Protein chains: 2
Amino acid sequence: MAQEQKDQVDENFVKEKEAAFAEFIQRKGLKTTRQRNTIISTFFRLRGHISVEELLTEVKKANPRIGYATVYRTLHLLVESNLVDERRFGYGLARYEGHSDVEHHDHMICLECGMISEFFNPRLEALQEKLAEENNFTIFRHRLELYGACQDKEACDRRKNQKAAEAQGA
Amino acid sequence: MAQEQKDQVDENFVKEKEAAFAEFIQRKGLKTTRQRNTIISTFFRLRGHISVEELLTEVKKANPRIGYATVYRTLHLLVESNLVDERRFGYGLARYEGHSDVEHHDHMICLECGMISEFFNPRLEALQEKLAEENNFTIFRHRLELYGACQDKEACDRRKNQKAAEAQGA
DNA sequence: GTCGAAAATGAAAATTGTTTTCGTAATCCA
DNA sequence: TGGATTACGAAAACAATTTTCATTTTCGAC
């Protein structure tokens, strides 16, 4: 499964992001470094909502000398460059999401299996705009998170078990 | 302004909450203490979305010996008793909100002056339910936060200046 | 290419917000 | 009014993140 996913990495997507980041670095007068390249290349090969720890673990496989500080610093740059969104579901722990096609979207989070799915609905967006307008408010951005449970209990259990197994193995 | 607000404290509201908390404490077999009484009485006299620090500052005026630990512990009890909601807007810092009439509501947060206003819209709720259903998902709770700016720049500036002044004074 | 200023790195220390520990004190039911 | 139970407060621990600082790397000017 994870294997399968890894094989599906879209090299063009990764290249595109790398290029965009390089452009950003250039524009800001910052410097290109091996570490940053490793980190962003690793980041965009992963999918989903990645924690710093998860990313660092992967990054260390390519270069074990890279530490938390550099990963944090690079993630901040990625956020600043608008290539990545920072999310905080529930408590503390930040997660980072490299957005692909869908620019903006909201999230549904299953409290059982941890599944995070994304959705976008123009009527919802419009309604928010309308409500903001009624309150003399201008929206820059918003966040909407639906917490609940999958209705497909089988799939949900499967994911839950897999997660448990992974936690075991780690 | 703050003065005016202080005078408007609804003593019945405070009494009601104190009684409800006492009942909760009783039901759980916990003990009534002077500190807890001070904290909840102080809390429900404040309004808005209160941080632990803000609360502690007020509490210390009544009893300077009360420290962070007890405030945190009491806030947890308040959340557990359902008399208070915990919110986390944007980053880290938890804020606590003693809910009055409106059970559930969402928030608009002005990034300029920090104003937090609350709203509720049944169509929005219904639409969320519909979208969840389409994704075979059951919502337990949700959070929606609109980040942006007040359109009334004058009022916004006034609040911003007041906040700056308060920060000065503190 | 090489110099040198500017920026980046990594390890460790610092910060922030919050929780836990632990010895002492208060509560409250029998 | 014990005395077991619970709470308190100060300080230590914690987890996530940021900063510091000495060292190394980058890259444009020469």
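Everything numeric here is computed off the predicted structure, so don't read it as measured data. Order of the sequence lines fixes the chain letters, A, B, ..., with proteins taken first and strands second; residue numbering starts at 1 for each chain.
A 6.0 Å sphere centred on CD of B:E134 holds more than 12 heavy atoms belonging to other residues, nucleotides or ligands. For B:K153, the NZ atom is densely surrounded, since the number of other residues' heavy atoms within 6.0 Å is greater than 12.
OP1 or OP2 of D:dC8 has at least one side-chain nitrogen or oxygen of B:T33 nearer than 4.0 Å. The phosphate of D:dA7 (OP1 or OP2) has no side-chain N or O of B:Q35 nearer than 4.0 angstrom.
Put simply, CD1 on B:I39 is 10 Å from C1' on D:dC8, counting in whole angstrom units. One can place CZ of A:R95 at 11 Å from P of D:dA16, the figure rounded to the nearest angstrom. In this structure, B:R88 places its CZ atom 12 Å from C1' of D:dA15, rounding to the nearest Å. When the P atom of D:dG9 is taken as reference, atom CZ of B:R73 falls 8 Å away, rounded to whole Å. Across the protein-nucleic acid pair, B:H76 atom NE2 and D:dT6 atom P stand 19 Å apart, rounded to whole Å. One atom, CD of A:E54, and another, C1' of D:dT17, lie 17 Å apart when rounded to the nearest Å. When rounded to the nearest whole Å, the span between OH of B:Y72 and C1' of D:dG9 equals 15 Å. A:I25 has its CD1 atom 13 Å from the P atom of D:dG28, to the nearest Å.
A donor-acceptor pair is defined here as one N or O able to donate and one able to accept, closer than 3.5 Å; no such pair exists between the side chain of B:E58 and the backbone of B:L55. A side-chain donor-acceptor contact under 3.5 Å links B:R36 to the backbone of B:K31. With hydrogens and angles disregarded, no donor-acceptor distance shorter than 3.5 Å links the side chain of B:R141 to the backbone of A:Y147.
When hydrophobic clusters are built by joining Ile, Leu, Val, Met, Phe, Trp and Tyr residues whose side-chain heavy atoms come closer than 4.5 Å, directly or via intermediates, A:I66 is grouped together with A:L75.
Nearer to the 5' terminus of DNA chain D, by closest-nucleotide assignment, is the contact made by B:R36 (compared with the other of B:R36 and B:A69). For the pair B:R34 and B:E53, nearest-nucleotide mapping onto DNA chain C gives the more 5' position to B:E53.
Residue-level contact check: A:R65 touches the backbone only, with heavy atoms under 4.0 Å from sugar-phosphate atoms and none from bases.
Two residues are said to be in side-chain contact when any heavy atoms from C-beta on lie closer than 4.5 Å; A:H105 and A:H107 meet this criterion.
Nucleotides of DNA chain C lying under 4.0 Å from heavy atoms of chain B occupy a range whose first and last members, 5' to 3', are C:dG17 to C:dC28.
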